[in-house]
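Structure, as structure tokens:
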Amino acid sequence: MNIKKITTICTVATLATLAFAQWKPAGTQIKTKWGENIDVNNVLPEYPRPQMVRQQWKNLNGLWDYAITPLNANYEKADGKILVPFAVESSLSGVGKVLTKDQNLWYERTFDIPQDWAGKNVKLNFGAVDWQCEVWVNDMKVGTHTGGYTPFSFDITNALKDSSNTLKVKVWDPTDTRGIAINPRGKQTMKPYGCFYTAVSGIWQTVWLEPTNKISINRVKTTPNLDASKFDVEVCSCPMTTFEVDIIDNGKVVATGKAKTGQKAEIYVENPKLWSPESPFLYDMKVRLIANGKVVDEVDSYTAMRKIGKKIQLGKDFKREKQVMTLNNKPVYHFGPLDQGWWPDGLYTAPSDEALKYDIVKTKEWGFNMIRKHIKVEPARWYYHCDKIGILVWQDMPCGSDLDIHRKWTPGHYIAQEPEGMSAKAYKNYMKELKEMVDMLWSSPSVVVWVPFNEAWGQHNTVETITWLKEYDPTRLINPASGGNYVVSEVGDILDVHSYPHPRMLMLECTKVNAIGEYGGLGYVVEGHTWANRKTWGYQSFKTKEELLNKYCEFIDMLVDMTPYGVVAAVYTQTTDVENETNGIMTYDRKVIKFDEQKFRQANQKLINSVK
């Protein structure tokens, strides 16, 4: 081995040692195997935006300086190091501190621009920051953003220097402060209890840089149309440009299209291959942006041909009809777990891409065909894994309110008038963030159902919200209010009842798809794999795995008996234990699966096969 190679190895080893000396996990909570083996010099290294990939980019994840200050104070000096992109409250951040409404969280780091980016514009991209942030590069303010779940970018070209550059980010997050917090925040709370969990603040998804030309692609929007055997593709960029699209099957271009930016390219595919959980086929896509006859930007993407719908089927007898959901014009029973997407070490952020993928892989192996992503929006790579593995996704909108989030809840019957769920200011922000979520996930084939409200938590202007959503995205089904409140109206496609622990159909609506949107919650404690010293709970607890499986299978049989009467979708609570909840299929650290997996799969497939 030559001296130069030995020196390089020693330098890398020294940097790794220094990094670990500056950082260690906060607290003593349980951890996943991925969190236990995290490499602070190589955190979430995968390109974070799979449906708009550029080949040149620079990952800014890793150790940054941080400080927590009063609201009216500037950043003066660092309190220490924080591991980005883990929320400041998490163990893997290395900080483990709660951010209050009276504080700002500051981040700072330096970066260099690669020499081969010379002459290019540079974009600074954030996967997600919760909730309000301001960004400076070399003390020049380059942008602000509100919204805790969706990506955003700033062109920082004019702020850059030839030498080392300094990036600074300021975050304010009121979480669930009544009267102040207009932000959707899902199950985050300053005082965790029951089924509400530790708050998440700050940068919690990948931060990265990438070079582009002055004119570049900002967004690619793809809509499949199975009945016409075509894809409609739109590109957001400078209106004085055009774009070209190749649809690619295993390296071979099978269709092309082009249009002026701002218009749709209609791309017809002969005998298209269809996407489904049984056969999740994805077409590759290449999109080129053209200005003055030259290609000025190019991104790689993917898409899939599939159609979501519903239709009437005969029920238990010829006098009874039921609505069933369809995929590619064929009836399908939607069955899957309630997936919170929380981690004991990273909270909102999975410690690795392998970890992020793991829950989806196991869900598919267990025989489910659907996941209800519960009042959280995941990083783009989570949806990529769902697209590639083949799982249907019911996507919740994170709830929020500047009032008490728990409004009067009336499950089991319709109400003529709903309680006020939030102020006009909070509702305006809710609609802004709802649209951003829909835009982010528009092109993902796995996302098939929108769920704007859950159990009346901040539920507001239901008819207005659902009417807008259906007009904005007519390609998917809408579950207006999972668990209620049920407003007297024809809007929406699904009537969704929650029933714990055993599934019961408290209502039945022949003009809509009927679903048990939550049931189960069967608790089983695995010692050594529980969170903190809080009292654990489930809706019904068991002492042995055999008792747990028997009760689970009993509930499956109940659901199978409901299928002829029109109950054609169900969601079991839940994928994993979360904090003090011990009603997961897996423990919170993902180290123990509580069921015999073969028998578990057989039961789940039995239910899915009850609709034909």
Side-chain angles (χ1 to χ4, degrees), residues 29-36 194-195 197 333 335-345 350 354-355 357-372 374 389 391 498-504 516-562 570-610:
Q29 301 288 13
I30 56 172
K31 293 178 176 57
T32 63
K33 64 179 181 180
W34 305 280
E36 290 170 344
C195 61
Y197 317 131
Y333 195 113
F335 183 42
L338 191 76
D339 191 319
Q340 313 271 7
W342 287 74
W343 300 83
D345 36 24
E354 181 187 355
K357 182 180 177 181
Y358 178 80
D359 288 2
I360 306 165
V361 169
K362 295 308 297 183
T363 299
K364 188 74 178 287
E365 288 179 354
W366 293 331
F368 294 112
N369 65 357
M370 176 265 274
I371 292 171
R372 180 181 169 198
H374 195 37
I389 293 167
I391 201 91
H498 293 182
S499 175
Y500 286 103
H502 63 280
R504 294 174 297 162
I516 307 288
E518 290 182 30
Y519 82 97
L522 302 179
Y524 178 73
V525 176
V526 181
E527 295 298 336
H529 299 273
T530 57
W531 171 262
N533 294 315
R534 297 186 209 155
K535 183 179 180 181
T536 60
W537 70 278
Y539 287 93
Q540 184 176 356
S541 296
F542 299 87
K543 294 182 179 180
T544 70
K545 287 186 177 182
E546 290 73 22
E547 291 176 348
L548 180 69
L549 179 63
N550 289 339
K551 182 58 68 173
Y552 183 88
C553 292
E554 178 185 323
F555 288 174
I556 290 289
D557 289 339
M558 293 173 70
L559 285 165
V560 169
D561 290 342
M562 293 181 195
V571 178
Y572 177 78
T573 301
Q574 59 187 345
T575 306
T576 71
D577 296 346
V578 183
E579 299 204 352
N580 58 311
E581 294 184 54
T582 53
N583 48 16
I585 300 166
M586 293 187 287
T587 54
Y588 198 15
D589 56 13
R590 278 71 168 175
K591 292 180 179 177
V592 180
I593 296 169
K594 303 179 186 180
F595 292 88
D596 179 306
E597 292 185 84
Q598 183 178 355
K599 293 179 180 178
F600 193 59
R601 176 182 174 83
Q602 290 172 349
N604 295 336
Q605 287 288 291
K606 177 181 178 181
L607 179 56
I608 288 172
N609 292 334
S610 67

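Around the NZ atom of K599, the shell of radius 6.0 Å holds no more than 12 heavy atoms that belong to other residues, nucleotides or ligands. Annotation: K357, atom NZ; neighbour count of heavy atoms from other residues, nucleotides and ligands within 6.0 Å does not exceed 12.
A perpendicular orientation is assigned to the rings of Y519 and Y572, their planes being inclined by more than 60° (bins at 30° and 60°).
For I389 against K364, the heavy-atom pair with the smallest separation is O-NZ, 2.8 Å. Between N580 and W531, the shortest heavy-atom contact is N-CD1, 4.0 Å. Annotation for V578 and Q340: closest pair CG2-CG, 3.8 Å, computed over non-hydrogen atoms. The heavy-atom pair separating V571 from L338 by the smallest distance is CG1-N, 3.5 Å. Heavy atoms only, all atoms of each residue included: Y588 and D577 are closest at CD1-O, 2.9 Å. Closest non-hydrogen pair, E597 versus W366, comes out as OE1-NE1, 2.9 Å.
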Derivation of the side-chain contact (heavy atoms from CB on, under 4.5 Å) call for T32 and K591: CA-CA 7 Å; T32 63; K591 292 180 179 177; 5.7 Å; no
Derivation of the salt bridge (charged side-chain N to carboxylate O under 4.0 Å, His left out) call for E554 and K551: CA-CA 5 Å; E554 178 185 323; K551 182 58 68 173; 3.3 Å; yes
Stepwise side-chain contact (heavy atoms from CB on, under 4.5 Å) check, F555 with H502: CA-CA 6 Å; F555 288 174; H502 63 280; 3.2 Å; yes
Test log, rule side-chain contact (heavy atoms from CB on, under 4.5 Å), inputs F600 and I593: CA-CA 11 Å; F600 193 59; I593 296 169; over 6 Å; no
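Checked for salt-bridge contact, R590 and D345 miss the test: no charged N lies under 4.0 Å from a carboxylate O. With respect to E36 and K33, no salt bridge is recorded, no charged nitrogen being found less than 4.0 Å from a carboxylate O. Between E365 and K362, at least one side-chain nitrogen of the basic residue sits less than 4.0 Å from a carboxylate oxygen of the acidic one, meeting the salt-bridge criterion.
In this structure, the side chains of P503 and M558 come closer than 4.5 Å at one or more pairs of heavy atoms. At a threshold of 4.5 Å between non-hydrogen side-chain atoms, the residues K545 and D596 do not count as touching. Taking 4.5 Å as the limit, every side-chain heavy atom of S541 sits out of range of all side-chain heavy atoms of V525. For the pair T530/I30, no side-chain contact is recorded, criterion being any heavy-atom separation below 4.5 Å from C-beta on. L559 places a side-chain heavy atom less than 4.5 Å from the side chain of Y333. Using a 4.5 Å heavy-atom cutoff, the side chains of F368 and I585 are in contact. Residues D589 and K31 form no side-chain contact, since every pair of their non-hydrogen atoms from C-beta on lies 4.5 Å or further apart. With a 4.5 Å cut-off on side-chain heavy atoms, Y524 and V592 do not count as touching.
The NZ atom of K594 sits 13.5 Å away from the CG atom of L549 when rounded to the nearest 0.5 Å. For the atom pair T363 OG1 and N369 CG, the distance stands at 11.0 Å (nearest 0.5 Å). Between the NE2 atom of H374 and the SG atom of C195 there is a distance of 7.0 Å, given to the nearest 0.5 Å. In this structure, CD1 on I556 lies 5.0 Å from CG on L607, to the nearest 0.5 angstrom. Atom CD1 of residue I391 and atom CD1 of residue I360 lie 8.5 Å apart, to the nearest 0.5 angstrom.
No donor-acceptor pair closer than 3.5 Å links the side chain of Q29 to the backbone N or O of P344.
In this structure, the side-chain hydrogen bond (donor to acceptor under 3.5 Å, both in side chains) partners of Y500, at least two apart in sequence or on a different chain, are E518, T573.
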